[in-house]
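Bear in mind that the values here come from a model prediction, so they are computed numbers and not experimental data. Just so you know, ligand 1 is whichever comes first in the structure, and atom 1 is the first atom listed for that ligand. FYI, the numbering just counts along the sequence from 1.
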Amino acid sequence: MESRGTKRGAGKIEEAEPWNKLLLPASSLPTDPALYVGPFPFYRRPSELGCFSLDAQRQYHGDARALRYYCPPPTNGQSPNFDLRDGYPDRYRPRDEEVQERLDHLLCWVLEHRGRLEGGPGWLAGAIVTWRGHLTKLLTTPYERQEGWQLAASRFQGTLYLSEVETPAARVQRLTRPPVLQELMYMGYKFEQYMCADKPGGSTDPSGEVNTNVAFCSVLRSRLGNHPLLFSGEVDCIDPQAPTTQPPTCYVELKTSKEMHSPGQRKSFYRRKLLKWWAQSFLPGVPNVVAGFRNPEGFVCSLKTFRTMEMFEYVRNDRDGWNPSVCMNFCAAFLSFAQNTVVQDDPRLVYLFSWEPGSPVTVSEHRDAPHAFLPTWYVEAMTQDLLSPPKTPSPKD
Ligand code: GDP
Ligand code: MG
């Protein structure tokens, strides 16, 4: 492994060869919010290209079988009383977090749909493919003070793929997660069970198991500045009563948070949590986040809907608040940085972008294991296409 920038000559040599600076991509990217203040960049209205589901065994299905239906309790003046700790740990089947899935499920969808992507056959070659969650982390980076990240990047047939790598610190945190935190994670999923039915017009069933292997993922197309994007994100539910039934506008994100009792608690909620909620839902164009506020005993006694497009209003006049333009401008700058760094087209070559709070993003080069993340089945199937291009589908197909 070789770290970029470590082989640079002393300043004197660089002065003698100023062309170096013009030809070499930058070796790091700063993240200070002040550097990204400016107009909001272009962001194409996200459109849904398709979806897929993961079942109770974490198996992929190219359909919406895992999609659930928003089913809030009746608004008859009574408050909800959801016991989020019910079923823990007996009716909890947590996903095995040791399994590093990387982009695999998304690549499965891309492989299945590559011949009929809107934007034409060349569109994918100019796009960035990643998970929504990775883009969320980029959006919040200028304001993040606790958790760093690592993103692996490879170029293949023109497309830039971005896949997160668990940092050593994140791994330690996960393996030593205190029992209260494990229960809090469960409570977030339990809330979904109280708020969702398996069928439109159906009822909720809080007596069942909470199995976090199950997921419904929407696959979206957008563009940030000049970066076409294909990304996928897990969607909690669809609102069958939404004004429009067109995804992603009919989707609802569900969240839980601690009940707030003081102005200080609210301020901190707007500054930290709403930033994460906004970034996660703004990217795929999910218009509403329904929050369940839990008391210290773990009961949700109140619900509040936050409109994604109005979340910024809570911090607009806060000097220590966040700014959507900064988030999006930084993300655009990172995507340009990655595009300019990952020049060679080679699925076995990986650039690892690393970031820790208080430092700029740095990059190192790697080949093959352990960082290469594009699976052989994907690379081989995509390469076969070039050798024997698929026939133009006939109207009968
Ligand atoms: P999110 O925005 O962070 O929830 O992540 P995405 O919606 O982009 O999810 C992408 C994929 O990663 C889906 O298959 C999720 O089920 C899965 N996923 C979500 N959260 C986690 C996590 O904390 N760890 C791992 N390994 N996978 C996750
Ligand atoms: Mg959620």
Side-chain angles (χ1 to χ4, degrees), residues 46 48 51-62 66-68 70 84 93-110 128-140 144 147 149-152 161-167 170-171 173-175 177 181-182 184-196 210-220 222 229-239 248 251-257 273 275-286 288-292 294 300 303 305-306 308 373:
E48 185 175 75
C51 65
F52 60 86
S53 295
L54 304 176
D55 66 20
Q57 285 74 42
R58 201 71 179 170
Q59 293 305 302
Y60 174 97
H61 302 273
L67 176 58
R68 289 181 297 177
Y70 183 59
L84 298 183
R93 291 273 180 96
R95 183 175 51 83
D96 180 358
E97 292 180 280
E98 270 302 296
V99 180
Q100 304 285 329
E101 297 172 332
R102 310 205 260 199
L103 298 184
D104 290 11
H105 296 129
L106 173 54
L107 298 180
C108 207
W109 185 92
V110 171
I128 295 172
V129 171
T130 191
W131 287 115
R132 177 271 310 275
H134 302 1
L135 295 172
T136 304
K137 287 200 177 174
L138 290 171
L139 260 62
T140 58
E144 177 62 44
E147 285 169 17
W149 48 254
Q150 291 191 312
L151 277 176
Y161 295 86
L162 298 176
S163 176
E164 191 179 19
V165 173
E166 187 178 48
T167 63
R171 179 175 166 77
Q173 294 263 324
R174 170 166 65 79
L175 295 175
R177 199 179 282 147
L181 269 187
Q182 301 190 35
L184 269 178
M185 287 176 62
Y186 170 81
M187 291 163 72
Y189 294 112
K190 185 68 189 177
F191 178 58
E192 297 176 7
Q193 198 184 52
Y194 279 112
M195 297 288 289
C196 298
V210 170
N211 185 327
T212 58
N213 289 289
V214 180
F216 168 78
C217 293
S218 171
V219 181
L220 300 128
S222 183
L229 303 172
L230 187 160
F231 60 93
S232 175
E234 192 176 343
V235 167
D236 290 335
C237 56
I238 182 172
D239 180 359
Y251 291 150
V252 179
E253 172 67 29
L254 301 172
K255 295 287 187 199
T256 61
S257 196
K273 238 175 193 174
L275 163 60
K276 299 210 167 155
W277 292 6
W278 171 79
Q280 186 190 36
S281 288
F282 177 76
L283 281 162
V286 172
N288 292 300
V289 178
V290 175
R294 58 179 147 73
V300 164
L303 300 173
T305 300
F306 290 90
T308 305
F373 61 86

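- Inside a sphere of radius 2.8 Å centred on the Mg ion (ligand 2), the protein N/O/S atoms present are Asp236 OD2, Glu253 OE2, Leu254 O.
- Closer than 4.0 Å to atom 8 (O) of ligand 1 lies at least one heavy atom of the protein.
- In this structure a side-chain-to-backbone donor-acceptor pair under 3.5 Å is missing from Ser163 to Arg102.
- Checked by distance only, ligand 1 and Gln280 come closer than 3.5 Å through their nitrogen or oxygen atoms.
- Between Gly133 and ligand 1, a contact under 3.5 Å exists for at least one N or O pair.
- Judged purely by atom type and a 3.5 angstrom limit, Gln182 uses its side chain to pair as donor or acceptor with the backbone of Arg177.
- Of the polar atoms of Thr136, none of the N or O atoms is found under 3.5 Å from an N or O of ligand 1, judged by distance alone.
- Considering only non-hydrogen protein atoms, atom 10 (C) of ligand 1 sits nearest to Trp131 CE3, 3.1 Å.
- Other residues, nucleotides and ligands place more than 12 heavy atoms under 6.0 Å from the NZ atom of Lys273.
- The main-chain N or O of Asn213 is found under 3.5 Å from a side-chain atom of Arg58 such that the two form a donor-acceptor pair.
- Nearest protein heavy-atom neighbour of atom 21 (C) of ligand 1: Arg95 NH2, 3.6 Å.
- Residue contacts with ligand 1: Arg58 is placed with a nitrogen or oxygen under 3.5 Å of a nitrogen or oxygen of the ligand (distance criterion only).
- Between the side chain of Ser232 and the backbone N or O of Cys217 there is no donor-acceptor pair closer than 3.5 Å.
- Within a 6.0 Å sphere centred on CZ of Arg93, other residues, nucleotides and ligands contribute 12 heavy atoms or fewer.
- Screening Thr130, Val129, Leu106, Leu162 for a side chain to side chain contact (heavy atoms under 4.5 Å, CB included) involving Phe231 leaves a single residue, Thr130.
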Note to self: Before you tell me yes or no, could you show the steps for Phe373 and Val165 under side chain to side chain contact (heavy atoms under 4.5 Å, CB included), namely the whole-Å CA-CA distance, both residues' side-chain angles and the distance that decides it to 0.1 Å?
What the structure shows: CA-CA 10 Å; Phe373 61 86; Val165 173; over 6 Å; no

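- For His105, the closest heavy-atom approach to ligand 1 does not fall below 4.0 Å.
- Residue contact check: Glu234 has heavy atoms under 4.0 Å from atoms 6 (P), 7 (O), 15 (C), 16 (O) of ligand 1.
- Glu144 places a side-chain N or O within 3.5 Å of a backbone atom of Glu147 that can act as its donor or acceptor partner.
- One finds no salt bridge joining Arg171 and Glu97 here, because no Lys/Arg side-chain nitrogen approaches an Asp/Glu carboxylate oxygen to under 4.0 Å.
- The shortest contact between atom 2 (O) of ligand 1 and any protein heavy atom is with Arg132 NE, 2.7 Å.
- Annotation for ligand 1: atoms under 4.0 Å from non-hydrogen atoms of Ser232 are 8 (O).
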Notebook entry, point to check: Going through the distances and angles, do Met195 and Cys237 end up as a side chain to side chain contact (heavy atoms under 4.5 Å, CB included)?
Noted result: CA-CA 9 Å; Met195 297 288 289; Cys237 56; over 6 Å; no

